[in-house]
Amino acid sequence: MKLKIGYKALLAEAGREAELLSQQDAAALLHDSDVVFVDLRDLRELERDGVLPGAFHAPRGMLEFWVDPESPYFKPVFGSGKRLVLYCASAWRSALAAAQLTRMGVPRVCHLEGGFRAWQQAGRPTTSLRRHSEQRKGAAE
């Protein structure tokens with residue numbers, strides 16, 4: 001599918017529609033029960049880079065299906081009313097996804113400045129994918 005507007009214009013539009021959250025603001029919200037961090041990276045990126053403990057993982061290709069209440073893949077986190085902080089290995093993907101969710105009527109959506117790489121480079125807490133899976137399994141029991 002061809003883009004109807006240029007790449008830079010697309011990002012500028014997304015930037016106007018979606019709130020940008022600084023790393024400092026995101027770090028302050030990490031343990032806020034009214035905030036859900038949504039990791040948009042795919043499995044290989046999660047394995048390579050690590051994960052934010054407690055974050056909800058939504059591979060990019062499934063996001064629109066998971067947000068739509070009419071979809072059999074709908075995930076209630078997107079209808080929870082909580083503030084959603086989206087991040088991806090490439091920050092521009094987070095901006096586009098946040099803008100798309102805003103257009104779909106999901107309230108309180110923002111994206112993380114610099115994406116996951118900037119978060120990681122700033123020394124913010126991460127864990128390995130295997131350790132994350134073990135923690136989730138332990139919490140379920």
Q: Supply the atom-to-atom distance Ser94 OG to Arg41 CZ, rounded to the nearest 0.5 angstrom.
A: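 Going from the OG atom of Ser94 to the CZ atom of Arg41 covers 9.5 Å.
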**Q.** Leu84 reachable from Leu21 in the ILVMFWY side-chain graph, under 4.5 Å edges
**A.**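 No, it is not one cluster - the side chains of Leu21 and Leu84 are not joined through contacts under 4.5 Å.
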Q. Minimum heavy-atom separation for Ala58 to Val38, with atom names?
A.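 Closest approach of Ala58 to Val38, heavy atoms only: CB-CG1, 4.0 Å.
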Q: Taking all non-hydrogen atoms of both residues into account, name the closest pair between Leu52 and Pro125 and its distance.
A: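 Closest approach of Leu52 to Pro125: CD2-O, 3.2 Å.
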**Q.** Pair Asp42 + Arg44: basic N to acidic O under 4.0 Å
**A.** no
Q | Short N-O contact, Glu19 and Arg83, less than 4.0 angstrom | A |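 The answer is yes: the pair qualifies as a salt bridge.
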Test item: [X] and [Y] side chains (from C-beta on) under 4.5 Å apart, heavy atoms:
X: Pro76; Y: Trp66; answer: no
X: His111; Y: Tyr87; answer: no
X: Thr127; Y: Val51; answer: yes

Q) So Thr102 and Val106, side-chain contact (heavy atoms from CB on, under 4.5 Å) or not? Walk me through it. A) CA-CA 5 Å; Thr102 301; Val106 178; over 6 Å; no
Q.
Is it the case that the ring center of Phe116 lies less than 6.0 angstrom away from the ring center of Phe37?
A.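 No, the ring of Phe37 stays outside the 6.0 Å limit from the ring of Phe116, centre to centre.
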Q) If you draw a 6.0 Å radius around CZ in Phe65, do more than 12 non-hydrogen atoms from other residues or ligands fall strictly inside? A)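 Atom CZ in Phe65 is not packed in, count stays at 12 or less.
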**Q.** Donor-acceptor under 3.5 Å (Gln120 side chain, Asp49 main chain)
**A.** yes
Q: With salt bridge (charged side-chain N to carboxylate O under 4.0 Å, His left out) as the test, would you mind laying out the steps for Arg108 and Asp34 before giving the verdict?
A: CA-CA 11 Å; Arg108 305 179 67 201; Asp34 193 41; 2.7 Å; yes
